[in-house]
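I have placed the structure first, in the form of structure tokens, so that the comments after it can refer back to it.
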Amino acid sequence: TEESELHHAQIHLYKHVYNFVSSMALKSAMELGIADVIHSHGKPMTISELSSALKLHPSKVSVLQRFLRLLTHNGFFAKTILPSKNGVEGGEEIAYALTPPSKLLIRNKSICLAPIVKGALHSSSLDMWHSSKKWFSEDKELTLYESATGESFWDFLNKTTESDTLGMFQDAMAADSKVFKLALEECKHVFEGLGSLVDVGGGTGVVTRLISETFPHLKCTVFDQPQVVANLTGNENLNFVGGDMFKSIPSADAVLLKWVLHDWNDELSVKILKNCKEAISGKGKEGKVIIIDIAIDEVGDDREMTELKLDYDLVMLTMFNGKEREKKEWEKLIYEAGFSNYKIIPICGFKSLIEVYP
Ligand SMILES: Oc1ccc2c(c1)OC[C@]1(O)c3cc4c(cc3O[C@H]21)OCO4
């Protein structure tokens with residue numbers, strides 16, 4: 001009926017208006033270190049145990065309870081009923097346990113995404129959104145971030161300010177690459193049989209180092225702009241080469257493009273891919289290009305995965321003028337660059353590894 005349609009439409013609209021509340025409640029949980037406290041406690045904790053462990057003011061005990069109610073509803077904690085201590089009826093107590101998503105916030109674990117929560121929900125990533133109306137009215141190629149602040153996000157990061165946002169961003173990248181290293185173990189077959197690999201746009205080689213550690217037999221070259229790789233030294237199976245990926249790329253059995261093409265439009269991406277094809281031509285049919293980026297797949301992915309990929313697309317757009325591509329857009333790009341075939345496998349949860357063959 002029209003009335004129930006209005007009812008559902010209202011809920012849908014208000015839900016999206018207040019989505020920020022669940023993001024910020026998650027940020028609060030990360031800042032309080034609730035996951036660390038429950039983890040080190042070793043078993044589910046009651047509100048009073050948590051409040052005293054977090055040294056909260058008595059007035060904040062009920063506040064904590066309401067935060068945990070929302071976060072539990074959103075799958076970050078699990079409620080358990082503790083049997084009453086003295087066996088008296090009605091003495092049961094509610095205790096909170098960690099769930100897989102909140103275990104990702106434990107600081108001393110090898111995979112900890114707390115830095116991503118901190119960085120991605122930092123005021124520098126959020127404030128710019130208030131300038132989107134102005135941004136839409138401009139006929140310039142600025143990112144939303146530049147339009148809002150008058151400087152690029154990279155300039156902002158490299159400014160030595162007291163809030164050390166550069167450190168926060170680097171911690172986020174490091175957290176991201178820890179997840180990537182885990183994913184590398186799961187896709188060893190992609191790198192099997194390769195003697196050499198050039199990591200195009202590899203920057204200071206943080207990720208390439210992870211790859212060369214995971215595949216010790218693989219001779220890795222980090223290829224980036226001269227000023228980026230200047231005075232960086234590698235080791236026996238890791239070296240640095242400066243150059244311009246739009247001109248030519250050093251030859252190798254395989255070329256890696258990790259989070260590179262999502263920063264370039266189609267025309268420039270085809271140019272990069274053509275230079276990659278040239279770089280692996282010495283390897284004949286065995287050569288390959290390994291692309292790691294998001295592949296949006298609204299048909300194959302569930303709604304939550306697609307929403308995350310589309311969110312990420314807008315984060316890349318607004319902060320870096322980057323873009324994420326649909327599967328068919330990748331196919332068009334790959335064939336336009338003269339490659340004959342490709343294979344897409346998921347990696348790191350919501351990203352994809354695309355093997356491209358000449
Ligand atoms: O390849 C990646 C992986 C993660 C992130 C990237 C790029 O940029 C945006 C982001 O939302 C972000 C923005 C940030 C930040 C960290 C941070 O992490 C997030 O620190 C300050 O601003």
Side-chain angles (χ1 to χ4, degrees), residues 19-20 22-24 26-27 30-31 101 104-105 107 111-132 135 142-184 199-211 222 224 228 256-264 290-296 305 307-325 346-354:
N19 266 350
F20 73 90
S22 59
S23 298
M24 301 318 272
L26 171 62
K27 183 180 175 182
M30 179 274 296
E31 288 170 335
L104 290 173
L105 298 176
R107 288 282 175 185
I111 298 277
C112 172
L113 296 188
I116 301 259
V117 175
K118 183 176 181 200
L121 293 175
H122 182 258
S123 54
S124 61
S125 306
L126 303 181
D127 292 351
M128 66 181 176
W129 284 94
H130 300 298
S131 308
S132 75
W135 181 49
L142 295 180
T143 63
L144 172 57
Y145 186 85
E146 285 164 325
S147 173
T149 64
E151 62 183 350
S152 79
F153 181 65
W154 301 118
D155 294 341
F156 164 71
L157 282 186
N158 292 310
K159 249 176 14 186
T160 47
T161 49
E162 68 294 331
S163 61
D164 188 24
T165 24
L166 179 59
M168 178 171 55
F169 188 77
Q170 285 165 340
D171 290 349
M173 293 308 106
D176 216 49
S177 52
K178 283 271 185 61
V179 175
F180 177 67
K181 178 159 173 55
L182 195 73
L184 270 185
D199 182 0
V200 173
T204 55
V206 168
V207 169
T208 331
R209 239 175 259 283
L210 293 177
I211 293 173
V222 180
D224 209 309
V228 171
L256 174 66
L257 287 167
K258 180 172 174 294
W259 298 334
V260 171
L261 296 180
H262 75 169
D263 281 343
W264 305 100
I290 302 163
I291 297 169
I292 293 178
D293 246 321
I294 283 179
I296 297 168
M305 172 74 96
E307 182 173 351
L308 172 58
K309 291 181 177 180
L310 298 180
D311 285 346
Y312 216 81
D313 176 54
L314 291 193
V315 168
M316 289 299 136
L317 166 69
T318 54
M319 299 185 83
F320 312 113
N321 255 347
K323 67 177 274 191
E324 305 304 352
R325 289 183 168 93
I347 185 173
C348 296
F350 62 99
K351 293 182 179 114
S352 292
L353 185 148
I354 309 170

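Nothing fancy with the numbering, it's 1 onward along the sequence. When reading the values below, keep in mind they use all heavy atoms of this one structure, side chains included, and skip hydrogens, waters and symmetry mates. Counting convention: from 1, in listed order, for ligands and their atoms alike.
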Looking only at protein heavy atoms, identify the closest one to [atom] and say how far it is in Å.
| atom | answer |
| --- | --- |
| atom 6 (C) of ligand 1 | M173 CE, 3.7 Å |
| atom 2 (C) of ligand 1 | Y312 OH, 3.2 Å |
| atom 14 (C) of ligand 1 | G119 O, 3.5 Å |

For the pair F153 and F169, name the ring-plane relationship: parallel under 30°, tilted 30 to 60°, perpendicular over 60°.
-> perpendicular
message: Below 30° counts as parallel, above 60° as perpendicular, anything between as tilted: where do the rings of H122 and F156 land?
response: tilted
Quick look: A120 vs ligand 1, heavy-atom contacts under 4.0 Å, and the answer is both
Going by the 4.0 angstrom heavy-atom rule, the piece of K118 near ligand 1 is neither
Atoms in ligand 1 flagged as close to [X], the criterion being non-hydrogen separation under 4.0 Å:
| X | result |
| --- | --- |
| S125 | 13 (C), 14 (C), 22 (O) |
| D176 | 1 (O), 3 (C) |
| F320 | 8 (O) |
| F169 | 8 (O), 14 (C), 15 (C), 16 (C), 20 (O) |
| V315 | 9 (C), 11 (O) |

Result for side-chain contact (heavy atoms from CB on, under 4.5 Å) between L261 and one of V200, I292, D293 points to D293
Q | Protein contact for atom 19 (C) of ligand 1 (heavy atom, distance under 4.0 Å) | A | no
Using side-chain heavy atoms (C-beta onward) and a distance below 4.5 Å, is L26 in contact with L105?
yes
Discussion item. Would you say the rings of Y145 and W154 are close, in the sense that their centroids are separated by under 6.0 Å?
Written reply: no
